[in-house]
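In what follows, a single structure is set out as structure tokens and then discussed.
Chain letters run A, B, ... following the sequence lines, proteins first and then strands; every chain starts at 1. Being a predicted model, the structure only gives us computed values, none of them experimental.
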Amino acid sequence: MTTEPSTLPKTPSPAAGTAPTGAGRIERYDPAEIEARWQARWEELGLHRADLEDTSRPKYYLLGMYPYPSGDLHVGHWFMYTPTDVIARFHRMHGENVFFPMGFDAFGLPAENAAIKSGTHPYAWTMKNIENMRRQLRSMGNMIDWDAEVVTADPSYYRWNQWIFLKFLEAGLAYRRMAAVDWCPKDQVTLAREQVEGPDRVCWRCGTPVVKRDLEQWFFKTTAYAEELLSFEGIDWPEPVRVMQTNWIGRSEGAEIVFTAAPGEYREGGEVIRVFTTRPDTLFGATFMVLAPEHPLVEALTAPERRGAVEMYQFEATRKSEIDRLSTDRQKSGVPIGADAINPVNGERIPIWIADYVLAGYGTGAIMAVPAHDERDYGFARWAGLPIRQVIAPRDAKQASFVAGQVAGVGIPGSAYVAKGDDHQLINSGEFDGQSPVAAIRTITSWLEEQGKGRLAVIYRLRDWLISRQRYWGTPIPIVYCERDGIVPVPESQLPVELPMDAEFRPTGESPLKSHGAFLNTTCPKCDGPARRETDTMDTFMDSSWYWWRYLSPAATDHAIDRRMDERWCPVDQYTGGAEHAVMHLLYARFFAKALADLGIVHEREPFRKLFNQGQILGADGERMSKSRGNVQDPDELVRRFGADTVRLFLMFMGPWDQGGPWNEQGIGGLHRFLNRIWTVTLDPHGRERSAGAGSGRVEAPGEAEAARGLRAAAHRTLQAVTADHAGFRWNTMIAHLMELTNELMRHRGTSVARTPAWDESVRLLLLMLAPLAPHISEELWSRRQATAGEDWRSIHTERWPAYEESVVLPETIELPVQVNGKLRDLVPMAPGLSEIEIEQIVLARDKIRATLAGRQPARVIHVPGRLVNLVVR
RNA sequence: GGGCGAGUGGCGAAAUGGCAGACGCGCCGGCCUUAGGAGCCGGUGCCGCGUAAGCGGCGUGUCAGUUCGAAUCUGACCUCGCCUACCA
């Protein structure tokens with residue numbers, strides 16, 4: 001149960017005796033002392049603990065992507081977690097029950113590599129790092145609820161990875177198969193398709209070019225949700241992420257068409273070869289067929305005299321993916337296999353080739369090649385000297401000359417002709433001649449369907465998620481292999497399958513589990529006979545695919561996810577993190593939500609209602625921060641010099657949150673000065689009182705009452721702007737507004753205005769607005785004000801966010817910009833809310849305007865109420 | 001090759017159809033100080049005129065367009081960043 005600080009008995013203010021009253025020198029702002037003291041205090045009070053059972057207030061589940069415990073929190077972490085903390089605090093000040101947990105993505109390769117290198121056990125290495133990062137996270141002053149922490153490398157967590165795996169297995173969402181998978185030779189591990197990046201197909205972690213390997217591996221059936229994953233209905237996600245996921249899933253509509261192998265010199269033929277095409281309308285233009293080199297039918301169809309060349313090519317194709325593919329020249333290559341296929345629409349025999357431009361993993365791994373109307377097929381046909389037959393032409397005879405050369409067989413066009421608009425028609429296509437391509441897509445597909453030779457088909461680029469990893473530091477896959485019973489899942493009652501702690505770490509390139517006899521050798525849960533454990537562990541993205549559910553019951557031993565808590569708290573209201581996980585973590589997380597919902601384990605099909613991608617802070621050199629580049633920025637030193645509050649503000653003041661940019665700590669002093677000025681106006685409003693005439697001569701010129709009214713208006717206008725900026729996460733302008741108010745207060749400091757209630761109210765509002773951004777100094781100043789006023793202490797962070805007064809915000813006079821022909825010519829002071837006629841009269845009476853008009857009459861007057869007047873003259 | 005985003009002072013940036021450069025850094029000048037890499041006050045887009053207060057012109061990557069009015073909307077182009085890449 002959360003303790004409400006406001007109900008606590010009065011606790012002595014930490015600085016009660018020293019709270020200044022205005023005379024004499026005040027003590028300096030000492031962030032180090034203040035921050036340590038308040039952090040300890042908040043912890044002691046349990047101020048950041050959420051009461052998950054409390055339903056009296058609206059819930060707000062806020063989540064920042066949990067960190068990998070690399071050992072140090074760098075400015076990138078600060079840049080992500082600070083504004084997230086501000087969001088949390090702002091919502092709490094609105095009376096919401098805010099849950100802001102934190103944990104560690106504790107499995108993964110660096111720990112294991114460190115073990116091989118330095119002999120430290122991955123567990124010890126990881127725990128030491130976590131310890132340090134907890135300390136650093138605390139030093140930021142975030143309102144993290146540490147009671148909910150999860151550490152994924154703990155058996156109490158990964159046991160439930162295993163449990164979910166078994167559920168997926170039962171439901172057919174997890175399966176094992178032999179596949180040519182991507183392998184990182186440096187990390188000695190397989191990778192999911194999403195984890196291979198760029199044109200050179202490199203490992204997402206270390207940048208090493210990957211190679212293909214044929215391995216028996218475990219997969220999750222992400223493709224089962226391909227269609228549903230395309231819909232983002234009901235969730236508020238940034239456009240770039242939605243686009244990336246949509247492209248990654250890569251839906252395309254077309255037809256699957258059945259070709260058959262033609263009888264040959266040595267064979268009867270008749271084998272079914274399925275191809276996928278988005279252009280069934282060009283079926284008559286197919287002049288050859290291409291299979292992926294790895295296509296399963298290649299072996300059976302290849303003519304004996306072609307076997308040597310075919311096998312050579314297949315070998316080269318695998319080598320090509322192994323050797324650096326940095327040479328991105330698109331030179332086509334391929335070999336004929338000495339067999340023909342029969343085109344189902346006209347019975348025509350076309351030669352079959354294999355070529356690596358056809359991918360085994362996409363569609364059916366086979367295509368009908370229509371060189372006249374597909375760039376890739378065209379390029380291949382030109383290279384191989386294969387025929388090109390045009391079957392689509394413009395209806396317009398004059399346009400037809402564009403491709404006439406092909407039809408007549410004279411001359412060779414420079415490229416494929418891919419247009420398919422309504423002004424085109426089919427030619428050389430038998431009974432379909434004259435139809436528009438779009439119509440023919442329909443008619444040819446239904447003709448094929450009637451003949452049983454094809455059907456409408458939708459295919460996706462998305463592949464199933466390969467989760468097997470040949471490494472030690474991950475969740476063991478709960479499977480045993482029995483000589484008699486084959487693949488046997490470990491029964492739930494025997495979970496967790498624990499990682500043995502006494503594994504040996506040597507740079508052999510093999511998982512230590514493979515040579516750990518006690519782990520490897522086990523008995524079959526079914527027959528009790530001898531069996532071998534699966535030695536692969538799970539991809540660490542498994543851990544991060546459901547951790548926010550675990551935060552709701554981190555210690556539970558009888559279930560993975562507390563269904564009651566899930567219903568109360570999920571989905572996460574706001575998720576923040578980098579966009580680099582768009583097609584990895586964020587896609588897996590959505591897959592999990594859908595799969596777990598179908599299994600009845602959770603109630604919502606989307607995990608995160610709102611997503612925000614913050615920008616990335618680069619090193620001072622403009623490059624991505626990395627240890628190897630040596631450009632990682634450690635904020636600890638800045639925190640020592642300026643305090644966490646200053647560092648928080650500095651990071652938020654840099655620019656829009658979604659932008660990031662190169663790190664440059666020039667300017668941090670400005671934020672520190674800002675806090676110092678707040679310190680001064682709060683604790684020392686009178687300074688060395690500037691009595692009239694003694695100081696700079698600015699004192700009380702406009703009269704105290706008017707100045708006080710102006711100050712109060714400024715404070716309320718600031719509140720209005722700051723409140724609006726919270727909604728858009730516009731921290732930089734929010735801080736700018738607070739600076740303006742502080743500067744305004746500073747101008748009145750030492751004058752009699754600083755003795756008015758308006759001054760007091762303005763300072764009060766300033767501190768409340770500052771509280772989410774700079775929690776320590778605002779708490780300190782708040783407590784000192786309370787002590788001075790003789791009030792009981794109550795944390796500023798449990799105060800309600802103030803409301804601005806509409807009537808105060810409205811200005812008493814405005815300076816209306818006046819343009820002539822769109823050029824600014826004058827600023828005219830007047831009362832707000834005058835009629836257009838009144839305004840016009842005032843404006844036309846102005847000297848400057850009369851001079852500019854020089855006797856001309858405005859042909860038109862544009863009034864933008866409250867904003868501007870534009871006089872249009874010819 | 002395709003997709004998305006961005007280009008504004010010396011720098012980080014504001015302004016998303018209505019006063020371009022808020023706020024901050026840096027720089028310049030002044031005050032205070034034994035001192036200052038502290039604090040306070042003032043100035044600071046560029047060019048021209050003026051001793052000055054001030055006045056005028058130009059100005060948001062380039063070129064066109066829409067509009068009374070464009071940093072903002074439209075089209076083409078240039079540059080940079082991110083994603084993607086023989087996806088049939």
Enumerate all atom pairs, one protein N or O and one N or O from nucleotides 45-49 of chain B, separated by less than 3.5 Å.
none

Inset, instruction - Have a look at A:R730 and say if it touches a base, only the backbone sugar-phosphate, or nothing, with a 4.0 Å heavy-atom cut-off. - result: nothing
Inset, instruction - Could you tell me whether A:H581 and A:Y588 have their ring centroids closer than 6.0 angstrom? - result: no
Legend entry - Shortest side-chain distance from A:V358, nucleotide among B:A88, B:C23, B:G26: B:A88
Legend entry - Phosphate-side-chain proximity, A:Q659 and B:G81, N/O vs OP1/OP2 below 4.0 Å: no
Legend entry - Below 4.0 Å: OP1/OP2 of B:C23 and any side-chain N or O of A:N743: no
Inset, instruction - Give the nucleotide from the list B:U84, B:C83, B:A22 with an atom nearest to the side chain of A:W248. - result: B:U84
Legend entry - Which nucleotide in B:C86, B:C19, B:A88 has an atom nearest any side-chain atom of A:L868: B:C19
Inset, instruction - Pick base, sugar-phosphate or nothing for A:L827, based on heavy-atom distances below 4.0 Å to the nucleic acid. - result: base
Legend entry - side-chain N/O A:R673 vs B:C25 OP1/OP2, d < 4.0 Å: yes
Inset, instruction - Can you sort out the partners of A:F380 under ring-ring contact (aromatic ring centres under 6.0 Å, His included), two or more places apart, ordered by chain and number? - result: A:F288, A:W353, A:Y357, A:W383
Inset, instruction - Taking A:D377 for its side chain and A:A372 for its backbone only, find out whether a donor-acceptor pair lies under 3.5 Å. - result: no
Inset, instruction - State the syn/anti category of B:G30 according to its glycosidic angle, syn meaning within 90° of 0. - result: anti
Legend entry - More than 12 heavy atoms from other groups under 6.0 Å of CZ on A:R717: yes
Inset, instruction - Name the nucleic acid region contacted by A:R867, choosing base, sugar-phosphate or nothing; use a 4.0 angstrom heavy-atom cut-off, strictly under. - result: sugar-phosphate
Inset, instruction - Take A:V583 and A:V243, find for each the nucleotide of RNA chain B with the closest heavy atom, and name the residue whose nucleotide sits nearer the 5' end. - result: A:V243
Inset, instruction - Give the nucleotide from the list B:C68, B:C83, B:C55 with an atom nearest to the side chain of A:R860. - result: B:C68
Inset, instruction - Report which part of the nucleic acid A:R825 touches: base, sugar-phosphate, or nothing (heavy-atom distance under 4.0 Å, all strands). - result: sugar-phosphate
Legend entry - Of the listed nucleotides B:A88, B:C23, B:G26, the one nearest the side chain of A:A736: B:C23
Legend entry - Donor-acceptor pair, side chain of A:D725 and main chain of A:M734, under 3.5 angstrom: yes
Inset, instruction - Just call it for A:Q819: base, sugar-phosphate, or nothing, with non-hydrogen atoms closer than 4.0 Å on any strand. - result: base
Legend entry - Nearest-nucleotide 5' precedence on RNA chain B, A:P817 against A:G660: A:G660
Inset, instruction - May I ask you to check if A:R461 and A:W248 form a cation-pi contact, with NZ or CZ under 6.0 angstrom from the six-membered ring centre and within 45° of the axis? - result: yes
Legend entry - Proximity of A:W657 and A:F612 rings by center, below 6.0 Å: yes
Inset, instruction - Could you check which of B:A88, B:A14, B:G18 has an atom nearest any side-chain atom of A:N732? - result: B:A14
Inset, instruction - Choose from B:C19, B:C40, B:A15 the nucleotide whose nearest atom is closest to any side-chain atom of A:T733. - result: B:A15
Inset, instruction - May I ask you to evaluate whether A:K823 reaches the phosphate of B:A70, defined as a side-chain N or O under 4.0 Å from OP1 or OP2? - result: no
Legend entry - Over 12 foreign heavy atoms within 6.0 Å of CZ, A:R856: yes
Legend entry - Candidates B:C68, B:C86, B:G24 - which lies nearest the side chain of A:N870: B:C68
Inset, instruction - Select one nucleotide: of B:A14, B:G24, B:A88, the one nearest the side-chain heavy atoms of A:P656. - result: B:A14
